[in-house]
**Q** 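Shown below is the structure under consideration.
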Amino acid sequence: QVQLVESGGGLVQAGGSLRLSCAASGRTFSSYAMGWFRQAPGKERELLAAISWSGRNTYYADSVKGRFTISRDNAKNTVHLQMNSLKPEDPAVYYCAADATNYYSDYVEISLGRYDYWGQGTQVTVSS
C-alpha cells in the first residue's frame, strides 16, 4: 500500500512558476512509475507527465512539454513537478499517482485507469 500527499500548490501569476511535490509512504514507492495529473472544473482528469521507477524514461503531454519537468528522488520517496511559464489555462487540482503494476520497469504508463494509488490533490490557481 502506498499513500501519496501532494503539496506546493497555490496562487501564481501567469508566466510564473510553481514546484509541486508528492511525498509517498511505503517502502515500495521506489519501484513504481509515477505520474502527475490535473483536473479542471468540468473537464476530465488528464495525464501531464510520468516518470519510470529509475527516472530513465519520462512522458509529457503536449500541453506542458517544454514548460513542466517531472523528477523523482527515490531516497526521499518524493516526486516533483516543476511548472514554469504557467498559463491561464493551467489552473486545476493537481494529483500525483503511482502505477504499481509496472514495478521496476522503465515502461511509462499513460493510461489514467492503470494508476493504482492517488493523492488527494493540490490546487493550482493562475492569475492573469
**Q** Distance under 6.0 Å and angle within 45° of the ring axis: does R45 meet both against Y115?
**A**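 Relative to the ring axis of Y115, which defines the angle, R45 lies outside at least one limit.
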**Q** Does R114 pair with D99 as a salt bridge, N-O distance under 4.0 Å?
**A**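 Judged by the 4.0 Å cut-off on N to carboxylate O distance, R114 and D99 do not form a salt bridge.
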**Q** Using every non-hydrogen atom in the two residues, find where M34 and L4 come nearest and quote the distance to one decimal.
**A**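 In this case the closest contact between M34 and L4 is CE-CD2, 4.1 Å.
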**Q** Less than 4.5 Å apart, side chain to side chain, heavy atoms only: is that true for I70 and W36?
**A**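 Result yes, sub-4.5 Å side-chain heavy-atom pair found.
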**Q** Any side-chain heavy atom of Y94 within less than 4.5 Å of one from L18?
**A**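 No. Closest side-chain heavy atoms not under 4.5 Å.
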**Q** Can you run down the salt bridge (Lys or Arg N to Asp or Glu O under 4.0 Å) pairs that involve residues 81-95, sequence neighbours left out, and say none if there aren't any?
**A**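 Qualifying pairs, neighbours excluded: R38-D90, R67-D90.
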**Q** Parallel, tilted or perpendicular: which one describes the rings of Y32 and Y117, with boundaries at 30° and 60°?
**A**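 Correct class here is parallel.
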**Q** Within the side chain of N102, is there an N or O that forms a donor-acceptor pair under 3.5 Å with the backbone of S105?
**A**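 No.
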**Q** Answer whether the closest heavy-atom distance between the side chains of N57 and I51 falls below 4.5 Å.
**A**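 No; the side chains remain at least 4.5 Å from each other.
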**Q** Does one side chain, of S21 or H80, offer a donor that lies under 3.5 Å from an acceptor on the other?
**A**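 Looking only at side-chain atoms, H80 and S21 do form a donor-acceptor pair, the distance falling under 3.5 Å.
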**Q** So, do T122 and V93 sit near enough that their side-chain heavy atoms are less than 4.5 Å apart?
**A**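 T122 vs V93: side chains apart.
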**Q** Measure the acute angle between the ring planes of W53 and Y104, then classify it against the limits of 30° and 60° as parallel, tilted or perpendicular.
**A**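 Answer is perpendicular, since the angle exceeds 60°.
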